[in-house]
Amino acid sequence: MKNFISKILGQKSIARGYVELELSWPEDCETPKPGQFLTIRIQDQPVPLLRRPFALSSFNLDKRSASIVYQVRGKGTRILESLPAGSSLDILSPLGNSFTNPSKEETAILVAGGIGLGPILYFARELDRAGMNTILVFGCRDKTLIPNLPPLKNGSIQYCTDDGSAGFSGSSVAYLESLSLKELSQPRLYACGPTGMLRACHNFALKADLPCETAMEEMMACGVGACMGCVVELEGKEQKYARVCKDGPVFQSRDIKWT
Amino acid sequence: MKNFISKILGQKSIARGYVELELSWPEDCETPKPGQFLTIRIQDQPVPLLRRPFALSSFNLDKRSASIVYQVRGKGTRILESLPAGSSLDILSPLGNSFTNPSKEETAILVAGGIGLGPILYFARELDRAGMNTILVFGCRDKTLIPNLPPLKNGSIQYCTDDGSAGFSGSSVAYLESLSLKELSQPRLYACGPTGMLRACHNFALKADLPCETAMEEMMACGVGACMGCVVELEGKEQKYARVCKDGPVFQSRDIKWT
Amino acid sequence: MDLSIKIRNKILPNPVGVASGTFGYGEEYAPLTDLSALGAIYTKAVTVEPRPGNPLPRLVETTAGMINSIGLANVGTKRFLSEKIPFLNTLSCPVILNVAGSLEEDYAEVIRRVDDQEAIWGYEVNISCPNVKKGGLAFGTDPHQVERLTSSLRQLTEKPLIMKLTPNVTDITAIAKAAEQGGADALACINTVMGMSVDIHKKKPSIPAVTGGLSGPAIKPVGIAAVYRVSKAVSIPVIGLGGIMNGDDAVEYLLSGASAIQIGTANFVDPDTSSKVLAGIKAYMEGSGFSKISDFHGYF
Amino acid sequence: MDLSIKIRNKILPNPVGVASGTFGYGEEYAPLTDLSALGAIYTKAVTVEPRPGNPLPRLVETTAGMINSIGLANVGTKRFLSEKIPFLNTLSCPVILNVAGSLEEDYAEVIRRVDDQEAIWGYEVNISCPNVKKGGLAFGTDPHQVERLTSSLRQLTEKPLIMKLTPNVTDITAIAKAAEQGGADALACINTVMGMSVDIHKKKPSIPAVTGGLSGPAIKPVGIAAVYRVSKAVSIPVIGLGGIMNGDDAVEYLLSGASAIQIGTANFVDPDTSSKVLAGIKAYMEGSGFSKISDFHGYF
Ligand SMILES: Cc1cc2nc3c(=O)[nH]c(=O)nc-3n(C[C@H](O)[C@H](O)[C@H](O)COP(=O)(O)OP(=O)(O)OC[C@H]3O[C@@H](n4cnc5c(N)ncnc54)[C@H](O)[C@@H]3O)c2cc1C
Ligand SMILES: Cc1cc2nc3c(=O)[nH]c(=O)nc-3n(C[C@H](O)[C@H](O)[C@H](O)COP(=O)(O)OP(=O)(O)OC[C@H]3O[C@@H](n4cnc5c(N)ncnc54)[C@H](O)[C@@H]3O)c2cc1C
Ligand SMILES: Cc1cc2nc3c(=O)[nH]c(=O)nc-3n(C[C@H](O)[C@H](O)[C@H](O)COP(=O)(O)O)c2cc1C
Ligand SMILES: Cc1cc2nc3c(=O)[nH]c(=O)nc-3n(C[C@H](O)[C@H](O)[C@H](O)COP(=O)(O)O)c2cc1C
Ligand code: FES
Ligand code: FES
């Protein structure tokens with residue numbers, strides 16, 4: 001974990017309202033793992049005040065660059081979007097834990113929605129590079145929200161739209177339900193996205209008796225585990241709450257109290 | 001008085017730390033008079049919060065443009081400086097009263113220091129255009145602070161530096177004291193600048209028995225006379241305080257309680 | 001869509017008023033916003049005798065806020081009647097007189113002398129100004145005095161009586177209940193928060209009175225908490241203010257229990273804020289299927 | 001230049017500490033700032049029993065501030081001793097334990113059980129947390145209770161005892177005097193300001209506890225006013241906090257009467273704020289010809 005000044009190498013829109021930002025990564029900062037995140041101090045200004053967290057969406061070891069995919073949502077991301085290449089960014093990273101790697105025998109099914117795309121994408125790329133057969137399922141409202149992504153070499157990407165304007169017609173979980181799981185070798189779920197989607201993935205995993213990891217999101221202040229602000233409620237654990245920033249963001253879906 | 005959106009036509013540095021900003025002036029907004037000011041809402045942001053007041057430093061009726069001269073001082077002016085030509089500015093103007101025109105027989109001596117340059121410059125240009133003999137005295141610390149100004153056609157500009165690095169060596173009031181006032185036809189003083197300079201001008205005017213107007217400056221909130229925030233203390237008046245934004249900014253120096 | 005709010009026997013046409021001390025007596029803002037569209041003008045405080053106000057400087061900006069130390073500078077009741085009433089008579093929007101004083105009798109005297117004026121819709125009693133040494137603040141922090149003052153003013157007028165509360169107390173609900181008990185028709189929360197700023201170059205307080213009243217977006221959370229707690233504690237209407245800059249801010253106050261709101265510091269930033277806030281409230285009501293102001297209430 | 005401050009029989013090496021609840025027990029920040037350079041670490045509150053804390057979400061950002069509703073989530077005294085003390089023992093900077101509880105006896109019990117720990121330099125007694133329903137707040141708003149609690153804790157320890165005050169009271173100087181009377185060695189002002197925020201899309205409060213504690217630059221003027229008034233009212237050292245983001249902010253507090261300061265919310269924004277603030281204080285002292293912290297005092 002390090003607090004460093006990075007440079008924006010470039011930004012490009014990858015879907016309506018979604019931007020991919022590439023930034024430089026210092027030599028002396030460790031390589032982030034899929035699921036981990038960074039926080040950005042958007043400006044040296046009291047508004048917006050707090051650092052904004054974003055998951056890593058890729059890492060390029062040779063170029064020593066990383067990227068995030070973010071949705072333009074409020075004050076902070078609007079300012080972020082306006083910054084030209086070459087601008088400095090105050091980064092704190094890598095933060096949090098990461099997805100558990102599947103074993104050789106397992107088939108990783110990666111489900112993403114909305115701002116959950118980044119970490120899933122990074123994980124998918126890493127698994128793909130390692131030659132694993134990976135199924136990436138991305139769900140969104142309509143085709144304008146479908147990101148422009150390079151295909152996986154060893155796996156497949158399935159787009160789902162609620163309105164059926166492209167790809168599978170229906171939610172990503174509806175797609176999962178349409179899969180013939182028996183034909184896959186030891187399927188294992190990983191999900192990141194809106195709470196509703198995560199809950200549905202979890203319920204699907206329960207029903208289908210699959211392991212499932214979800215990357216969670218909560219408002220953060222410190223991002224390093226000190227303030228106890230970013231908790232999620234746990235189920236069946238001695239401890240009632242866990243910190244997303246330090247104990248997560250990735251949790252076994254069965255450990256989360258879904259409400 | 002009108003609240004309008006103007007465009008920045010250009011900005012240029014005229015001395016170390018001083019910028020001249022030219023902005024567009026709508027058809028339906030009255031022509032400002034020398035001494036009057038505008039307020040700018042620097043950004044649609046809570047920091048900086050309040051509008052910033054600046055005196056008009058010129059007005060071009062044909063082009064319908066106005067300008068201000070400002071010192072880069074704090075949060076607001078630093079942001080202002082960074083805005084490129086073409087940017088929108090939220091302007092409230094014209095505000096306040098103006099300098100009293102001298103009669104044909106009078107010789108206007110205009111004394112400026114620091115951020116007091118703008119209103120004095122506007123007044124000098126108007127008097128010059130009207131063919132009046134005007135003496136503009138500008139005092140500053142050293143030659144790097146001397147603004148790059150076009151000469152007056154009918155009058156003269158005298159620069160004074162505290163360190164003697166250019167022009168008259170000494171303060172603007174020391175320069176006034178060096179003048180042979182008897183050779184001038186009915187000299188009359190007008191001053192704008194730091195409080196110390198204004199007080200010195202006032203004392204000089206008292207001693208030399210000259211009329212003297214000073215343009216005052218105080219922290220402002222409303223700028224339109226409603227909040228009673230921007231007062232100066234009066235001397236020998238029934239009313240104890242007067243509002244700089246509405247009753248001023250120009251006052252007879254003898255009406256001000258100089259402390 | 002019915003935007004009106006009833007207070008005592010009278011109606012405010014819409015929930016967006018402009019706050020005392022930030023809008024003078026309306027005249028200065030006439031060229032900058034449509035006064036007739038305002039839900040109410042709360043005037044600058046009026047006291048029996050003229051007051052010059054506090055020494056200068058009276059203002060300082062803080063992060064997302066400002067501190068003022070005006071000190072109830074005003075022309076006094078006599079000149080208010082001769083100089084301000086004629087213009088106020090020309091206005092179609094409700095004019096609510098902000099009344100201040102040092103002693104109970106001062107408040108009473110102002111109301112006695114102006115109560116027959118048609119132009120005055122009602123009173124907002126300032127028992128919460130942090131900028132006068134003896135006076136205002138003492139009343140506003142003691143429930144017994146608040147109840148006594150309220151009930152004695154109650155006997156002087158049939159017009160709506162709004163008590164304006166200070167947030168600088170341990171329990172604002174106790175003050176609110178006392179005012180209700182005393183016969184107030186509504187409560188306004190909040191006046192400014194006690195604050196201070198230091199000029200580190202001059203090594204002295206930014207304003208000579210040392211502490212002053214903090215206002216602006218910085219205090220919005222304080223105002224919302226006050227309005228929420230007060231509106232749960234009393235059954236008369238609560239008028240919310242403190243840091244409202246836009247329609248969303250106003251909606252936060254309305255959902256928290258306010259029946260109307262006031263725009264203060266934001267007038268300095270954008271003199272036309274009130275009309276934008278009203279438009280924002282209307283748009284929100286439309287989006288939420290609300291047809292009247294009370295539809296905001298009861299969600300939590 | 002002598003930056004040290006004496007409290008009771010002990011010395012803080014410099015005036016810049018990190019505030020309770022914003023820095024955990026130090027460990028998380030070890031990779032991000034030089035812990036040994038800190039004037040003090042004020043730990044997250046410790047209670048007798050472990051506390052899970054409040055329901056989520058616990059945070060919301062407001063204009064130039066944030067509201068928290070952590071609810072004193074902590075591992076309790078037993079696990080504090082086994083899990084946190086070993087790391088704290090490795091630190092060279094003073095560690096001040098922030099103690100919280102619901103009843104007088106709770107505070108006493110924590111101190112009794114930890115007082116023999118070398119790692120603990122002294123105590124900051126949190127009688128001002130707005131985020132626990134029964135408990136903290138009650139003490140902090142009543143001078144009699146504050147005096148009683150202070151004097152009963154005073155009997156339990158020879159280590160410095162700092163009472164941390166809430167700004168949410170009518171007269172903070174009355175509470176300050178009561179703490180001094182009870183035997184406090186220093187006072188810390190301020191804890192968070194009561195605030196609230198509403199999620200207008202969900203039509204409910206942003207945090208389930210409805211009101212929470214406002215911190216950050218928005219409240220700096222409130223903290224400075226409190227420190228100024230308290231330091232005039234008592235003769236023990238005052239430790240100032242609330243919204244300090246940089247050296248200039250700290251200097252405002254020191255000039256207003258603080259002998260030391262704490263960095264709270266700013267740690268979230270820049271984990272290395274404390275070292276920058278210390279450098280800023282030093283630069284200011286140099287520019288002003290100050291050779292010790294008390295040179296800041298007495299200007300007004
Ligand atoms: C571990 C983690 C990883 C994330 N990864 C991504 C990502 O890869 N891509 C992406 O687009 N977004 C991601 N987010 C969400 C992202 O942090 C918010 O969208 C962003 O902070 C919004 O900032 P804003 O100023 O534009 O919006 P604001 O105007 O401040 O708020 C808009 C909404 O964003 C949420 N938000 C604001 N600040 C935070 C914060 N500090 N922490 C969490 N949520 C916040 C609030 O709930 C609010 O409703 C992640 C959040 C977390 C906690
Ligand atoms: C009638 C009038 C005319 C003025 N004309 C000019 C001009 O022609 N050129 C020029 O450079 N400056 C002028 N000023 C001063 C100018 O308003 C301030 O320099 C400017 O507001 C500083 O803003 P900032 O955000 O950069 O500085 P900040 O960081 O906010 O503050 C720097 C200093 O500027 C002063 N200041 C800040 N806000 C205001 C305000 N609203 N009103 C008055 N003073 C303030 C404060 O005393 C502070 O010490 C004028 C002021 C007044 C009242
Ligand atoms: C410059 C100024 C003067 C004020 N004068 C008065 C006053 O005379 N009477 C009063 O009741 N409140 C007065 N107030 C308080 C405001 O009416 C309002 O309660 C407070 O500013 C909070 O609202 P805001 O944050 O929207 O400004 C004044 C506020 C300011 C900023
Ligand atoms: C997330 C968070 C948790 C806090 N927890 C505690 C606490 O446990 N005990 C305490 O005395 N103060 C606690 N505080 C209050 C701070 O120590 C400090 O008094 C307050 O935040 C004001 O300072 P700031 O504006 O610099 O943050 C907490 C503040 C925050 C933001
Ligand atoms: S954000 Fe502070 S503990 Fe997670
Ligand atoms: S700034 Fe409000 S009266 Fe002058």
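Everything numeric in this text was worked out from a predicted model, so none of it was measured. Quick note on labels: first sequence line is chain A, next is B, and so on, each numbered from 1.
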* Could you tell me whether the side chain of D:Asp270 reaches within less than 4.5 Å of the side chain of D:Lys276, counting heavy atoms only? =>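 The answer is yes; the side chains approach within 4.5 Å.
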
* To do: For C:Ile67 and D:Pro221, work out which heavy atoms get closest and say how close.
  =>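 Minimum heavy-atom contact is CD1-CB, 3.9 Å.
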
Under 4.5 Å from a heavy atom of chain D, the part of [X] involved:
X	value
C:Val60	neither
C:Tyr284	side chain
C:Ile200	both

* Identify whether the distance between the nearest side-chain nitrogen and carboxylate oxygen of C:Glu252 and C:Lys220 falls below 4.0 Å. =>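 Judged by the 4.0 Å cut-off on N to carboxylate O distance, C:Glu252 and C:Lys220 do form a salt bridge.
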
* To do: Give a yes or no on this: more than 12 heavy atoms of other residues, nucleotides or ligands lie within 6.0 Å of atom NZ of C:Lys203.
  =>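 Check passes, neighbour count above 12.
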
* To do: Would you mind telling me which of D:Gly243, D:Pro217, D:Pro205, D:Gly65 has the largest number of heavy-atom pairs within less than 4.5 Å of chain C?
  =>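 Among the listed options, the one with the most contacts to chain C is D:Pro205.
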
* To do: Could you have a look at D:Asp171, D:Val210, D:Asp199 and say which one has the most heavy-atom pairs with chain C under 4.5 angstrom?
  =>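 Between D:Asp171, D:Val210, D:Asp199, the count favours D:Val210.
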
* Take C:Leu165 and C:Asn191 through the side chain to side chain contact (heavy atoms under 4.5 Å, CB included) test and state the conclusion after the steps. => CA-CA 6 Å; C:Leu165 309 186; C:Asn191 210 313; over 6 Å; no

* Contact leader toward chain D among C:Ile224, C:Leu254, C:Asp248, C:Thr63, where contacts are heavy-atom pairs under 4.5 Å ->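 Result: the option with the highest number of such pairs is C:Ile224.
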
* Checking D:Thr62 against chain C: side chain, backbone, both or neither under 4.5 Å from a heavy atom? ->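 Looking at D:Thr62, just its side chain touches chain C.
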
* Asked: For the atom pair CD1 (D:Ile281) and CG (D:Leu3), what is the distance rounded to the nearest 0.5 Å?
  ->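 Going from the CD1 atom of D:Ile281 to the CG atom of D:Leu3 covers 8.0 Å.
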
